[in-house]
Asks: 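Questions regarding the structure given below will be posed in turn.
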Amino acid sequence: MAMGNIIQECDLYGQKEPWEIWDMFGGATHNQEDLYFFTRLKKKSCNGSRINRLVGSGGTWKGEDSGKEIIDPRYSPTPLGFRKRYRYEDGNPQQIGRWILHEYRLSDSLIKNDTDYVLCRLRKNERGNKSTKFKKEP
């Protein structure tokens with residue numbers, strides 16, 4: 001969460017559920033839609049490139065798109081970075097579409113050393129559950 005002009009570090013791929021992080025950093029208190037954090041990526045294996053996005057007690061962040069390049073038109077076509085969208089899933093139909101995560105990372109050409117940190121936007125989606133939105137009432 002930005003406090004003043006500071007974005008805090010938080011383990012979004014750790015033991016806390018999205019709603020616990022939301023409450024911990026005052027999302028509900030300040031009636032916000034988005035909270036921003038720096039978080040460290042966790043590789044599935046030491047030599048691999050795949051990222052472990054497990055969270056809480058059995059949930060995961062599922063990728064919704066293949067990622068989009070972030071381009072600065074002044075320096076096109078070299079991308080500044082990439083943005084990817086994830087949704088939280090834990091087997092509970094009530095949670096589908098409720099929590100959204102946008103992960104932003106700098107392009108490898110802009111990073112001098114290997115960094116495992118990304119900027120994330122955690123969003124609480126109040127518009128409702130996509131899977132139950134179109135269900136007919138009995």
Asks: Could you measure the distance from the CG atom of L12 to the CZ atom of R121? Nearest 0.5 Å is fine.
Replies: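 One gets 13.5 Å once the value is rounded to the nearest 0.5 Å.
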Asks: Determine the minimum heavy-atom distance between W22 and L122, stating which atoms define it.
Replies: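 Heavy atoms of W22 and L122 come nearest at CZ3-O, 3.6 Å.
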Asks: Check each of L41, V55, T60, L54 against Y13 using the side chain to side chain contact (heavy atoms under 4.5 Å, CB included) test, and report the only one that passes.
Replies: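 When side chain to side chain contact (heavy atoms under 4.5 Å, CB included) is applied between Y13 and each of L41, V55, T60, L54, only L41 qualifies.
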Asks: Any non-hydrogen side-chain atom of I100 less than 4.5 Å from a side-chain atom of R87?
Replies: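 Sidechains of R87 and I100: in contact.
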Asks: With side chains defined as the heavy atoms from C-beta onward, is the minimum distance between K43 and I51 less than 4.5 Å?
Replies: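 Side-chain contact under 4.5 Å: yes.
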Asks: Check this for me: does any side-chain nitrogen of one of K62 and E64 sit under 4.0 Å from a carboxylate oxygen of the other?
Replies: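 The answer is no: the pair does not qualify as a salt bridge.
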Asks: For the residue pair W19 and W99, does the interplanar ring angle fall in the parallel (under 30°), tilted (30 to 60°) or perpendicular (over 60°) class?
Replies: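 Judged by the thresholds at 30° and 60°, the geometry between W19 and W99 is tilted.
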Asks: CG/L101 to CG/L35 distance, rounded to the nearest 0.5 angstrom?
Replies: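 Atom-to-atom, L101:CG and L35:CG are 11.0 Å apart.
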Asks: Rounded to the nearest 0.5 Å, how far does CZ of R85 lie from NZ of K68?
Replies: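 The CZ atom of R85 is 9.0 Å from NZ of K68, to the nearest 0.5 Å.
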Asks: Hydrophobic cluster membership, with links at side-chain heavy-atom distances under 4.5 Å among I/L/V/M/F/W/Y: are M24 and Y88 in one?
Replies: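 The answer is yes; both residues are in one hydrophobic cluster.
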Asks: Indicate yes or no: at least one non-hydrogen side-chain atom of F37 is less than 4.5 angstrom from one of I21.
Replies: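 In short, these two side chains touch, coming nearer than 4.5 Å.
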Asks: Under the salt bridge (Lys or Arg N to Asp or Glu O under 4.0 Å) rule, collect the residues that match up with K42, sequence neighbours excluded.
Replies: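 D11.
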Asks: Rounded to the nearest 0.5 Å, what's the gap from SG on C120 to OH on Y36? Could you check?
Replies: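 C120 SG to Y36 OH: 11.0 Å, rounded to 0.5 Å.
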Asks: Check side-chain hydrogen bond (donor to acceptor under 3.5 Å, both in side chains) between D65 and all other residues, then give those that pass, not counting sequence neighbours.
Replies: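 For D65 there are no side-chain hydrogen bond (donor to acceptor under 3.5 Å, both in side chains) partners, ignoring immediate neighbours.
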Asks: Could you state the interatomic distance from OG1 (T39) to CZ (R53), rounded to the nearest 0.5 Å?
Replies: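 Taking OG1 in T39 and CZ in R53, the distance rounds to 10.0 Å.
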Asks: Can you tell me how far apart CG (L80) and CZ (R74) are? Round to the nearest 0.5 Å.
Replies: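 CZ of R74 is found 8.5 Å from CG of L80.
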Asks: With a 4.5 Å limit on heavy-atom distance, are the side chains of K84 and F82 in contact?
Replies: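 With C-beta onward as the side chain, the pair stays apart.
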Asks: Minimum heavy-atom separation for C10 and F25, please, with both atom names.
Replies: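 Distance-wise, the nearest heavy atoms are SG-CE1, 3.7 Å.
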Asks: Taking all non-hydrogen atoms of both residues into account, name the closest pair between P79 and S107 and its distance.
Replies: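 Looks like O-CB, 3.2 Å.
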